[in-house]
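Step one of this worksheet: look at the structure below.
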Amino acid sequence: MVSKKVTVINKQGFHMRPAKDFVAEMAKFKSDINLIVGGKKANGKSIMNIMAACIKCGMEVEVCCEGEDEQAMLDRAVELIESGLGEE
């Protein structure tokens with residue numbers, strides 16, 4: 001398992017569009033991904049789980065990946081979050 005903590009920088013956090021885009025990217029990988037925020041764990045391949053986590057701007061998220069392509073998945077997930085998920 002690999003993990004990294006990142007801070008959400010886009011102003012509106014993980015609302016529906018960035019959650020959809022994030023899940024679509026993570027679905028390309030075979031590994032499992034969880035986002036841990038505020039002590040809660042959300043499946044990073046589930047739009048509903050991400051939305052239910054209420055991830056807002058400025059929150060720290062621990063991205064945890066486990067499986068055969070875990071490092072590539074972690075790298076892509078961190079890249080997406082640090083880029084603002086296509087938003088400012």
Side-chain angles (χ1 to χ4, degrees):
M1 183 179 87
V2 294
S3 67
K4 184 173 182 179
K5 292 183 180 181
V6 291
T7 301
V8 175
I9 63 166
N10 58 308
K11 294 177 184 171
Q12 295 185 7
F14 259 91
H15 60 89
M16 187 59 82
R17 194 210 50 80
K20 175 187 69 72
D21 293 347
F22 185 84
V23 168
E25 280 296 307
M26 296 304 102
K28 297 175 182 177
F29 297 92
K30 294 179 181 176
S31 297
D32 294 324
I33 181 169
N34 287 297
L35 305 177
I36 301 171
V37 59
K40 297 179 194 172
K41 187 190 306 186
N43 179 343
K45 289 186 175 183
S46 166
I47 293 172
M48 297 307 292
N49 273 215
I50 292 173
M51 296 301 298
C54 298
I55 302 170
K56 303 202 182 314
C57 182
M59 293 180 107
E60 185 176 74
V61 177
E62 183 176 5
V63 181
C64 301
C65 302
E66 185 169 5
E68 63 186 80
D69 55 359
E70 62 189 22
Q71 189 60 55
M73 180 184 234
L74 178 65
D75 293 343
R76 182 64 178 139
V78 167
E79 178 185 351
L80 287 168
I81 296 169
E82 288 181 340
S83 73
L85 294 153
E87 299 182 347
E88 293 184 18

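Fair warning: this is a prediction, and the values are worked out from it, not measured in the lab.
- The side chain to side chain donor-acceptor pair (under 3.5 Å) pairs that include a residue from residues 29-41 are Ser31-Asp69, where partners are two or more places apart or lie in different chains.
- Taking CZ of Phe14 as the reference point, atom CG of Asp21 lies at 10.0 Å (rounded to 0.5 Å).
- Both Leu35 and Met16 are part of a single hydrophobic cluster, where members link through side-chain heavy atoms under 4.5 Å apart.
- Partners of Ser46 under the side chain to side chain donor-acceptor pair (under 3.5 Å) rule, at least two apart in sequence or in another chain, are Asn49.
- Cluster annotation: Ile55 is not connected to Ile9 through the hydrophobic network of ILVMFWY side chains, with a link wherever side-chain heavy atoms come within less than 4.5 Å.
- A distance of 9.5 Å separates NZ of Lys5 from SG of Cys64, quoted to the nearest 0.5 Å.
- Residues Phe29 and Val6 share a single hydrophobic cluster, defined by chaining ILVMFWY side chains whose heavy atoms lie under 4.5 Å apart.
- Counting heavy atoms from C-beta outward, Val61 and Thr7 have side chains that stay 4.5 Å or more apart.
- Looking at every heavy atom in both residues, Val37 comes nearest to Glu60 through CG2-O, 3.6 Å.
- Around atom NZ of Lys4, no more than 12 heavy atoms belonging to other residues, nucleotides or ligands sit under 6.0 Å away.
- Take Glu79 and apply the side chain to side chain donor-acceptor pair (under 3.5 Å) test, not counting sequence neighbours, and it matches Arg76.
- The hydrophobic clustering, which links ILVMFWY residues whose side-chain heavy atoms are closer than 4.5 Å, places Ile36 and Ile50 apart.
- Each of Met26 and Met1 belongs to its own hydrophobic cluster when Ile, Leu, Val, Met, Phe, Trp and Tyr are linked at side-chain heavy-atom distances under 4.5 angstrom.
- In plain terms, the two heavy atoms of Lys56 and Val8 that are nearest each other are O-CB, 3.7 Å.
- Under the 3.5 Å distance criterion, the side-chain polar atoms of Glu70 are matched with a main-chain donor or acceptor of Gly67.
- Rounding to the nearest 0.5 Å places NE2 of His15 at 11.0 Å from NZ of Lys20.
- For the residue pair Asn10 and Pro18, the shortest heavy atom distance occurs at ND2-CG, 4.3 Å.
- The line from CD of Glu25 to CE of Met73 is 10.5 Å long, rounded to the nearest 0.5 Å.
- In this structure the side chain of Phe22 reaches within 4.5 angstrom of the side chain of Ile33, judged on heavy atoms.
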